[in-house]
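The block underneath contains the structure these notes are about, expressed in structure tokens.
Only a predicted model underlies this, so the values are computations on that prediction, with no experimental measurement involved. First listed ligand is number 1; within each ligand, the first listed atom is number 1.
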Amino acid sequence: GAARAQRAWIGLPAAERGRRLWALGGLVRREAEALARLECANTGKPIRDCRGEVARVAEMAEYWAGWCDKIEGRTIPVPSGHLVYVRREPFGVVLAITPWNAPLFTCGWNALPALAAGNAVVLKPSEYTPLTSLAFGRLALEACLPEGLVQVVAGLGGTSGEALLAAPEVAMVTFVGGPSTGARVAAACAARTIPCVLELGGKSANIVFADADLPVAVQGAQQAIFAGSGQSCVAGSRLLVQRSLHDRFVEQMAAASAQIRLGDPLDAATEAGPVCNARQHAHVAALVEAGVAEGARLLAAPRDPGLPAGGFWVPPTILAGVTNAARVAQEEIFGPVVAAIPFEDEAEAVALANATGFGLAGAVWTRDLGRAHRVAAAVRAGTFWVNGYRTIHVSVPFGGFGASGHGRSSGIEALNAYTQSKAVWVETAAAPVLGFGHRPAGG
Ligand code: NAD
């Protein structure tokens with residue numbers, strides 16, 4: 001059904017595809033509160049974060065709606081007499097596999113540009129958090145996207161995910177998730193020689209120089225790691241602080257972080273919820289223990305006895321004085337746990353930032369403009385912030401270097417990712433010289 005729906009979709013005038021994606025954005029806005037509550041219940045994320053993410057998805061639909069009738073080809077002045085033009089054509093059916101940490105957000109982030117480029121999308125959300133993706137599929141129908149254009153398969157990775165990767169209709173894959181799963185997905189794509197875009201994890205360096213605006217940097221460092229309880233691919237999970245500032249910085253950050261309100265995710269005042277699931281909770285706890293065993297100083301507020309029993313609570317946790325070779329500095333924790341690492345000077349900060357296989361994001365906090373730009377250029381990462389953290393937008397390319405993946409699924413780069421080029425050569429010479437073969441006599 002997806003292939004048939006895709007043919008119906010690409011058969012519509014481009015502006016009509018745009019109108020329907022715009023309508024989908026409007027439906028996401030209409031259902032915003034219900035979607036936010038569903039996401040909140042399914043993920044444990046604070047409702048205010050869920051509301052923000054739903055609003056971003058509506059914005060994505062509207063952004064990509066505007067692109068539908070602006071995907072143009074080009075002509076190339078080749079040395080022969082040919083007219084050469086290049087068309088951008090959709091792949092057909094795109095498989096989008098998404099993780100549990102931002103289910104509706106990643107669903108919109110990956111499905112909407114693929115749809116705008118003229119593809120059908122089969123969505124395989126995480127088995128932990130399928131609900132909002134299923135709702136998205138229903139809204140796509142209501143927005144008059146052809147039946148079957150957006151299909152949601154809520155199943156396990158090892159069964160449904162692998163079966164979809166093997167489905168002959170699937171012509172391209174976009175994957176957001178962990179590095180080891182990403183490698184399996186890439187291998188499955190390679191075996192079928194189909195392309196994939198991979199957005200994997202990170203171990204991003206948040207670099208604070210002694211000349212930074214201290215209160216702002218302390219607040220930024222909390223935002224970088226504790227937002228979403230650290231279950232964010234771009235989390236600033238390695239906090240590199242200039243040695244003269246390190247101890248003061250972590251003390252101030254610990255004091256401020258103790259004020260973060262953990263609680264019922266449905267309560268609008270809640271700033272941090274529990275981590276998403278039992279497996280993740282055990283993983284985070286094991287890595288905190290490993291960090292302490294490797295010599296880190298643990299700074300964390302004690303568990304608030306008022307928190308509901310049984311939740312997967314992890315208080316904001318700072319592991320101070322970590323060395324970059326430690327497990328907690330190299331492995332993705334994906335929880336509200338930051339490894340603070342001291343450095344001496346700019347050269348060491350850059351060297352430490354790059355001493356990881358990952359390359360998703362990073363930031364620098366400094367008042368020295370020249371240094372800000374030098375460090376931004378020197379750190380290997382797909383996204384970098386100066387005196388800020390975490391902002392991303394559908395109009396800006398996002399993706400990883402190295403083990404954080406490849407390909408970009410936002411900004412105009414995404415239009416290249418979700419289309420393939422076709423070069424058309426048109427002979428224009430009156431008496432073409434083909435160089436081989438003979439004209440039929442009298443012809
Ligand atoms: P995961 O890799 O366990 O699962 C991701 C998705 O892959 C799920 O839908 C899962 O069902 C599916 N899957 C699992 N095994 C599969 C298989 N063999 N074949 C096909 N599909 C399979 O990741 P997760 O634990 O859900 O998410 C956390 C990870 O996602 C973290 O590493 C995080 O950094 C990363 N992430 C990255 C970004 C980014 O944009 N770079 C964004 C969000 C999350």
Side-chain angles (χ1 to χ4, degrees), residues 42-43 45 53 56 95-111 113 122-134 152-167 170 173-189 191-192 196-204 225 227-237 275-284 287 331-335 356-362 381-383 390 392 394 396-411 414 417:
N42 204 180
T43 61
K45 281 183 126 154
E53 290 185 4
R56 294 289 83 74
L95 170 62
I97 303 178
T98 55
W100 48 257
N101 62 312
L104 185 63
F105 186 91
T106 50
C107 156
W109 191 261
N110 294 282
V122 177
L123 262 167
K124 212 305 280 168
S126 167
E127 52 273 35
Y128 292 109
T129 53
L131 300 181
T132 45
S133 298
L134 288 162
V152 187
V153 179
L156 299 171
T159 54
S160 308
E162 290 197 7
L164 289 168
L165 283 169
V170 169
V173 177
T174 175
F175 173 83
V176 182
S180 60
T181 319
R184 292 182 67 150
V185 168
C189 291
R192 295 188 47 208
C196 59
V197 167
L198 300 177
E199 291 188 12
L200 311 176
K203 198 72 198 176
S204 299
I225 184 65
S229 294
Q231 302 166 111
S232 159
C233 52
V234 297
S237 52
V275 300
C276 176
N277 55 68
R279 199 183 75 181
Q280 189 59 21
H281 188 243
H283 169 75
V284 173
L287 271 164
E331 290 179 30
E332 194 177 34
I333 301 176
F334 221 56
T356 165
F358 289 114
L360 192 60
T383 295
R390 267 182 79 84
I392 63 170
V394 60
V396 179
F398 178 80
F401 282 26
S404 291
H406 53 73
R408 300 292 180 264
S409 55
S410 54

For atom 26 (O) of ligand 1, find the nearest protein heavy atom and state the residue, atom name and distance (0.1 Å precision). Trp100 CD1, 3.0 Å
Ligand 1 contact on Phe334 by region, counting heavy-atom pairs under 4.0 Å: side chain
Counting each atom of ligand 1 from 1 as listed, which ones have a heavy atom of Ile97 under 4.0 Å away? 6 (C), 7 (O), 9 (O), 12 (C), 20 (C), 21 (N)
Going by the atom numbers of ligand 1, which of them fall below 4.0 Å from some non-hydrogen atom of Thr181? 1 (P), 2 (O), 3 (O), 7 (O), 13 (N), 14 (C), 15 (N), 16 (C), 22 (C)
In Å and rounded to the nearest 0.5 Å, what is the CZ to OG1 distance from Phe105 to Thr43? 13.5 Å
For ligand 1, is Phe175 a contact, meaning one of its heavy atoms is under 4.0 Å away? yes
Ligand-side contact atoms (ligand 1) for residue partner Val176, heavy atom cut-off under 4.0 Å: 5 (C), 36 (N), 37 (C), 38 (C), 39 (C), 40 (O), 42 (C), 43 (C), 44 (C)
Backbone, side chain, both or neither: what part of Thr98 comes under 4.0 angstrom of ligand 1, heavy atoms only? backbone
Using a strict 4.0 Å cut-off to heavy atoms of Leu165, name the atoms of ligand 1 that fall inside it. 19 (N), 20 (C)
Check the surroundings of atom CZ in Arg184: do more than 12 heavy atoms from other residues, nucleotides or ligands lie under 6.0 Å from it? no
Any protein heavy atom lying closer than 4.0 Å to atom 4 (O) of ligand 1? no
Gly178 N/O under 3.5 Å from ligand 1 N/O: yes
Return the residue, atom name and 0.1 Å-rounded distance of the protein heavy atom closest to atom 17 (C) of ligand 1. Gly157 O, 3.4 Å
Closest non-hydrogen contact found for Leu134 with Ala154 is CD1-CB, 4.4 Å
Is the closest N or O pair between Thr106 and ligand 1 shorter than 3.5 Å? no
Based purely on interatomic distance, does Leu200 place a nitrogen or oxygen under 3.5 Å from a nitrogen or oxygen of ligand 1? yes
Any nitrogen or oxygen of Ser404, main chain or side chain, under 3.5 Å from a nitrogen or oxygen of ligand 1? no
For ligand 1, which atoms, with element, lie under 4.0 Å from some heavy atom of Glu127? 10 (C), 11 (O)
Consider ligand 1: state whether an atom of it lies below 4.0 angstrom from any non-hydrogen atom of Pro125. yes
For Phe398, the atoms of ligand 1 under 4.0 Å from one of its heavy atoms are 40 (O)
With nothing but distance in play, are any N or O atoms of Gly177 less than 3.5 Å from an N or O of ligand 1? yes
Could you tell me, atom by atom, which parts of ligand 1 come under 4.0 Å of a heavy atom of Gly201? 32 (O), 34 (O)
Report yes if some N/O of Asn101 lies less than 3.5 Å from some N/O of ligand 1; otherwise report no. no
Between Lys124 and ligand 1, which residue portion shows a heavy-atom distance shorter than 4.0 Å: side chain, backbone, both, or neither? both
Atoms in ligand 1 with a heavy atom of Cys233 nearer than 4.0 Å: 34 (O), 36 (N), 37 (C), 38 (C), 39 (C), 40 (O), 41 (N), 42 (C), 43 (C), 44 (C)
